[in-house]
Amino acid sequence: MPPVSPDVSVVRSDLLAWYDANARRLAWRAPPGAARTEPYRVWLSEVMLQQTTTPHATPYFLNFTARWPTVSDLAAAEDGEVMAAWAGLGYYARARNLLACARAVAGEHGGIFPDTEAALLALPGVGAYTAAAVAAIAFDRAANVVDGNVERVMARLFAVETPVPAARPELKRLAAQFVTDERPGDWAQALMDLGATVCRPKSPLCGSCPVSGQCLGLASGAPDRYPVKAKKAARPHRLGVVYVIFDAQGRVALERRPDKGLLGGMMGLPTGDWTTASPPDRPPVAGDWREAGAVEHVFTHFSLTLHVRTATIPADEDAYLWTPLEQARDALPTVFAKALDRAGAPDLL
Ligand code: SF4
């Protein structure tokens, strides 16, 4: 017989025992029961993981912590260097918030992260999730750490019929009842690991799940129906033109984008407005412009077809940062790196 409702203490003890034996070894994580992970590493990893997968975030995390081993080192870094190191991780406003937060910790807290959820939440760019994760994992505070993985596990465990996102407060309340003063950091990470490796978005591995005996979603016969999804509006599509300008030495014209707006503060290629109708095509310099096809990119709120034009011009234009090709590729966010690759080699003058 399936349970009427999951037994909180049984779920807790079964999941923590599973975590002790199966915790993922991650670049930023101390093993279960070991000394706690430094708050800087927890914070940095959690910010990175909000927009990407663990395998994608890992080299970025290793690079950041090698270049800036402490939060004070990061606070002292040049904005441009940090933005370039973030290129490819997406959601660039987070990189700016990352720096603002590092500078607040270095400037206002002597380089030491505050150790309560409330004080962490007061730092710039630190939201409820990150504050709870750092409080639980770095400081073993009884904080309710709820991300998409945890929401999914709760929705399945309790067979929640309310669709997301409306169900979020309910899922958070359900998750809160499992949080106690006993091993709160391990509990948060155990739930994350269950969601990431067993209670996966598609095809959950219920046969290997330590809490399957308590799961109402599994008892319903269709656990992957949860969380129930609300119908989504289609993502709008935009069009634009981007200009890849080489000089006679094969260097690329880059420009820093305005701080506000999409990809704010990042390096970019010259481009016009991205619109839903015909995009304006006004090359920024005179030249023998060639069509180089188009690239596709998907942002959170819209998808984009970017037509690529390229030209090689004889003299430097002072308006641009002339950058060697490989360095330019590394410094550009993904959408522009795709356009640069599409442009191919510079034309010979
Ligand atoms: Fe998720 Fe299946 Fe475990 Fe339920 S039994 S928590 S659906 S993996």
Side-chain angles (χ1 to χ4, degrees), residues 1-26 29 31-33 45-46 49-58 128-130 132-133 136-137 142-232:
M1 279 285 285
V4 176
S5 182
D7 182 313
V8 171
S9 63
V10 172
V11 169
R12 261 190 67 88
S13 63
D14 287 352
L15 186 51
L16 281 168
W18 172 84
Y19 179 69
D20 287 339
N22 298 284
R24 287 178 296 168
R25 299 284 181 256
L26 303 174
R29 182 185 273 183
S45 63
E46 291 300 341
L49 287 168
Q50 281 169 46
Q51 53 267 170
T52 188
T53 59
T54 297
H56 188 60
T58 299
Y129 169 77
T130 307
I137 299 169
N144 189 18
V145 186
V146 182
D147 67 356
N149 280 331
V150 175
E151 285 178 350
R152 183 171 61 258
V153 173
M154 291 301 142
R156 290 175 176 171
L157 209 45
F158 290 88
V160 173
E161 293 296 340
T162 315
V164 283
R168 293 223 157 97
E170 183 181 351
L171 297 173
K172 195 165 184 178
R173 272 196 307 278
L174 291 171
Q177 62 191 322
F178 292 95
V179 176
T180 73
D181 284 331
E182 200 188 323
R183 302 182 64 189
D186 284 346
W187 172 254
Q189 293 175 101
L191 259 186
M192 287 175 187
D193 281 14
L194 186 76
T197 64
V198 177
C199 196
R200 308 177 305 188
K202 287 188 186 136
S203 315
L205 303 172
C206 302
S208 313
C209 178
V211 296
S212 58
Q214 298 291 319
C215 181
L216 299 184
L218 177 61
S220 80
D224 50 3
R225 197 169 76 75
Y226 303 97
V228 176
K229 309 261 184 329
K231 290 207 179 355
K232 253 202 200 161

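Count residues from 1 along the sequence. As the structure lists them, so they are numbered: ligands from 1, and atoms in each ligand from 1.
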closest protein heavy atom to atom 4 (Fe) of ligand 1 is C215 SG, 2.4 Å
Shortest protein contact, atom 2 (Fe) of ligand 1 (heavy atom only)
C206 SG, 2.3 Å
As a test of understanding, state which of V145, V153, V146 forms a side-chain contact (heavy atoms from CB on, under 4.5 Å) with L191.
V153
What atoms of ligand 1 come closer than 4.0 angstrom to any heavy atom of R156?
7 (S)
Which of the numbered atoms in ligand 1 are below 4.0 angstrom from a heavy atom of S212?
5 (S)
Contact check, side chains of E46 and I137, non-hydrogen atoms, under 4.5 Å
yes
Are the side chains of D193 and R29 in touch, meaning some heavy atoms are under 4.5 Å apart?
yes
If you look at every heavy atom in G195 and R152, which pair is closest and at what distance?
O-NH2, 2.7 Å
Over all heavy atoms of both residues, which pair between D7 and Q214 is shortest? Give the atoms and the distance, please.
N-OE1, 2.8 Å
Can F178 and L157 be said to form a side-chain contact (heavy atoms from CB on, under 4.5 Å), step by step?
CA-CA 12 Å; F178 292 95; L157 209 45; 4.3 Å; yes
Between C199 and ligand 1, which part of the residue brings a heavy atom under 4.0 Å of the ligand: side chain, backbone, both or neither?
both
Any idea which part of P223 is under 4.0 Å from ligand 1, heavy-atom wise: side chain, backbone, both or neither?
side chain
Is there an N/O/S atom in C209 at a distance below 2.8 Å from atom 3 (Fe) of ligand 1?
yes
